[in-house]
Structure formats: C-alpha cells, structure tokens
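These notes are about the structure you will find just below.
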Amino acid sequence: MRFPRLMFAAFAAVAVTAAIAQVPVPQPGAPAASASVPVPPAPVPVGAKAWLLMDYGTGQVLAGENYDERREPASITKVMTAYVAAAEMKAGKIKPDDLVTISERAWREGGAGTDGSFSGFELNSRVKLSELEKGMAVQSGNDAAIAIAEHVAGSQEAFAALMNSYAQRIGMKNSHFVNAHGLSAEGHYSTAYDLALLGRALIRDFPQTYAYNSIKEMTVGTIPQHNRNTLLWREGSGIDGIKTGHTGNAGYCLLASAKRGEQRFVSIVMGIESKSQAEGFRLRETGNLNLLEWGFRFFESHQLYAGGAKIATQKVWKGSEEQVNLGLAQPLQIAVPRGRYNELKPAMDVPKTLIAPIKKGQAIGKMRVSLDGKVLAERPLIALDAVEEAGFFGRLWDEFWLWWESD
C-alpha cells in the first residue's frame, strides 16, 4: 500500500530526495578469487577463410575473423535441418517413430551415385525418423536429409522455407537456405557467426537431437558407419559435436562444441582449401581444437544475475506503490578473461521519471556490463511486479511534486 501523505512540510524533503536519487548500481556476486591470466591472441586456424569462437552461455564472440562474411555452409546445413525437424516434432507435427519412405529423389540426389555423403538407406524402404536423424548426424547422409525434408514439409523446397523461417527466429540474419543437405546451390549461404548461433540454439533448445551428433558409429543395414567428426575421439577434450562439411566451393568446414564442467564453447572454421582430403580434415579439426583449448584456458564463465530476481528498485510516481522492483527476465551470464571477474563494471540506464501504471514484465531500462570500457553484455531491465495507478488524490499529490522538481 502507498505510504499515506498527511503533512506537506513533514514529507517535502523526503519527496524531493526520492525524486532525484540515483538508482544504485548492482554488484555481481563475487565468485572465488582466481589469479589473473594474460590472454594471448587466439590461435588463427591455418587456411580458414572465416572462423569464430563463441561462449555458449552468453553468445559472446571471444575471437574470430570474417565471421559475418557469407559463405557456402556445405553439410553444416544439416544442423539447420535437424533443428527444424526437432522443432516440428516438439510442435507435435511429426514423431520420432514415424516411418519415412526413402523416395526416388532422396535416393538419387542423396545416394551412392552422387559426389556427396550418403547413409545408404534403400530405395522405397521405410525408416524411422529417429534413425534418419542419426544417419544425417553421423554419416552426414544427404539421402537422410532429403527424406526428412520431404516427410516434414512434403518437398525439399517447402522445407527450405521452414529452414529460413526458423533461421530468422534464431537470429541468423545473414543466412538463406534452398536445400536440406548443403550441396552447392545458388542462393544457399550462411556465415560463421550465424552457424555458431545455430549450433548454440540446437544445444539449448533440443539437447536430445543434439546428442545424436556425439554418436561415434552406427550401422545401416550391414554397413558400419563412423562419425566424420573425428574430434569426438579426442580424450579429455569435452567435444561432443557438432558437424563437418565439405564441397569444392565451400572448402573444408567444421562446426564444433565442447563442454568441461559447466563451461561450454562453440567454434567454427570455414573455407579451408587443400589438395589432400587428409590434410583438409586435419586442418579443420586442429583449427577447432586449438580455439576450444584457448577458450577453456583463458576464459571463465559466470552467472552475474538470476532471472526474475530483484537487482534494484526505482521510484514510481502516481502509483499505488512507492517503488517497483527491477530485474532481468533471463539469467545474465558472461565470459571474462580468467581472474578479471571483479573488474566488471555493471551500470543501469533507467528513466528519471517513472509514472504508473506499470505492467509486470514491462521494459523499464537497460543493464550493461563492461570491461575495459567495452560493453560485454546488455539486457533489458523489466518490472518484476505490476504497479497500478493511484487514486485521484495520490495522483494529484505526485503531480504537485513533479511540478516542484521541474521548477
């Protein structure tokens, strides 16, 4: 309930003070102290035309080059195919046990007679959708990708429209897909940054589907198949995905992710050219592995503020309550060089005058966190509770004090 206003003189000083008070800057909870470690330059992947290392928890780009440059994504496209299938499954439109027919188009365009990778599913055979997903993840099967697309949307062209719709939701602003498998086609492109966002989204939104990428081997019929991402066999690396890719136009590409403890990073290298397949595989894998090791060695991730928790209060005019609690809709995490957590500078931008009514969840201002003058994270501050409009006399009283301050 709003504090009663009984005496003009008695509360004059209090009212003026509340009106001009600065919102306190919240301080992140201090973790255990760790020694500051100088951060050397990131290891540039040899031969890569575009590359990036992203902190999974925050989406921060820790290092990279040319990562907003549009390039052919090759079979990394199939991560988008997997995401769409998982999203449609969550919506109840398809099921893991659905029997999918391997059409002639899937068999011919994505099968053994092509230059691309294939899972080896027989023409007109009926295969569980979940097995097709695994075949696409492990063996990078183009036949599996086409069959999934046809099952979900009726045709690969219709499925591509879904891919582009979901890409926009994820925030992939520089991507456009025209097929489900990633073979070269006009108008089919993405960027290292967008693909890292996609990998992050798959891990976050559909962990069960993402887990298919960590399967090292599977058998289709009588044919044993091994995952093309040989980083999965690196003991102690924490690498559990994501997807390889190669075409003549795209070069050798690899989107990878690794988790150690509560810390995870996403890396990608694109456009490596090599006369030797073995060298192309080695360069893309070494490039990703070095980036991931650099991230784990020199950065630490922390949650600064919990979602929905009060981190500040703000004066409210003409409201049924004197103030409103401010917080963040989602937890705020951040990655910083090791040992520099206590050097973070949080700050808030909020309106000087906040007038009721205020809705719960309404954006009130912004929270920024900086290090060395560079903004590392910015999030909307929201009202954690609703504040209704005060009665006539309450509004009249506050109107007087607003006039008093502005004079």
Side-chain angles (χ1 to χ4, degrees), residues 50 52 54 56 59 67-68 70-91 93-94 106 109-110 116-117 119 129 132-213 228-229 241-247 249-250 253-257 266-268 270:
L52 173 148
M54 176 180 286
Y56 166 77
Y67 51 80
D68 285 326
R70 292 178 177 178
R71 304 192 59 81
E72 290 192 25
S75 282
I76 299 177
T77 297
K78 296 182 178 83
V79 181
M80 188 76 247
T81 302
Y83 187 95
V84 173
E88 294 293 287
M89 198 175 297
K90 183 178 180 180
K93 298 177 182 178
I94 54 176
E109 290 187 19
S117 53
S119 297
L129 178 58
L132 288 175
E133 291 181 290
K134 294 174 186 176
M136 186 174 66
V138 175
Q139 183 59 13
S140 193
N142 294 334
D143 50 351
I146 297 172
I148 290 171
E150 291 176 337
H151 181 70
V152 171
S155 71
Q156 190 171 203
E157 291 73 21
F159 185 81
L162 279 179
M163 295 171 78
N164 292 319
S165 177
Y166 279 107
Q168 289 300 308
R169 296 186 197 182
I170 293 169
M172 301 170 67
K173 297 180 180 179
N174 286 303
S175 297
H176 186 262
F177 301 97
V178 300
N179 62 52
H181 45 65
L183 293 176
S184 295
E186 184 177 354
H188 190 90
Y189 58 82
S190 189
T191 68
Y193 178 77
D194 279 5
L195 293 173
L197 283 183
L198 172 60
R200 180 174 179 247
L202 183 66
I203 297 167
R204 179 192 65 223
D205 298 342
F206 307 110
Q208 182 175 348
T209 299
Y210 176 72
Y212 292 153
N213 294 277
R228 292 173 176 244
N229 180 9
I242 305 175
K243 189 74 193 70
T244 61
H246 173 258
T247 65
N249 292 334
C253 311
L254 175 57
L255 174 65
S257 183
V266 177
S267 64
I268 183 169
M270 301 183 73

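We use all heavy atoms of the structure for the numbers below, so side chains are in, but hydrogens, waters and symmetry mates are not. Note that this is a predicted model, so its numbers are computed, not measured.
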Mind listing the closest non-hydrogen atom pair of L197 and I170 along with its distance? O-CG2, 4.0 Å

If we count only N and O atoms by modelled type, under 3.5 Å, do the side chains of Y193 and N174 hold a donor and an acceptor together? no

Could you tell me whether a side-chain N or O of K78 sits under 3.5 Å from a main-chain N or O of S140, the two making a donor and an acceptor? yes

Write down the atom of E150, the atom of A106, and the distance for their closest heavy-atom approach. OE1-CB, 4.3 Å

Do L129 and M89 touch side chain to side chain, with heavy atoms closer than 4.5 Å? yes

Non-neighbouring partners of V84 that pass side-chain contact (heavy atoms from CB on, under 4.5 Å), sequence neighbours left out: M80, E88, F159, L162, M163, Y166

Might you point out which heavy atoms bring V138 and Y212 nearest each other, and give the distance in Å? CG2-O, 4.1 Å

D194 versus S190, closest heavy-atom pair with distance: CB-OG, 3.6 Å

Nearest 0.5 Å please: distance from the CG atom of D143 over to the CD1 atom of I148. 9.5 Å

Between the side chain of H181 and the main-chain N/O of A145, is any donor-acceptor distance below 3.5 Å? no

Which distance, rounded to the nearest 0.5 Å, do you find between the CD1 of I146 and the CD of Q156? 5.0 Å

Mark yes when over 12 heavy atoms from residues, nucleotides or ligands other than Q168 sit less than 6.0 Å from its CD; otherwise mark no. yes

Distance from L202 atom CG to K243 atom NZ, nearest 0.5 Å? 12.5 Å

Please say which of L195, T191, L52, L255 ends up in a side-chain contact (heavy atoms from CB on, under 4.5 Å) with M270. L195

Quick one: closest heavy-atom pair of L132 and A147, and the distance? CD1-CB, 4.0 Å

Do L198 and I242 make a side-chain contact, defined as non-hydrogen atoms from C-beta onward lying under 4.5 Å apart? no

Of the non-hydrogen atoms in A87 and F206, which two are nearest, and what is the gap between them? CA-CZ, 3.5 Å

Whether the side chain of E133 engages the backbone of A82 through a donor-acceptor N/O pair (distance < 3.5 Å, no angle test) should be reported. no

Below 30° counts as parallel, above 60° as perpendicular, anything between as tilted: where do the rings of H188 and F177 land? perpendicular

Who are the side-chain hydrogen bond (donor to acceptor under 3.5 Å, both in side chains) partners of N213, not counting sequence neighbours? none

E157: side-chain contact (heavy atoms from CB on, under 4.5 Å) partners, not counting sequence neighbours: R105, S155

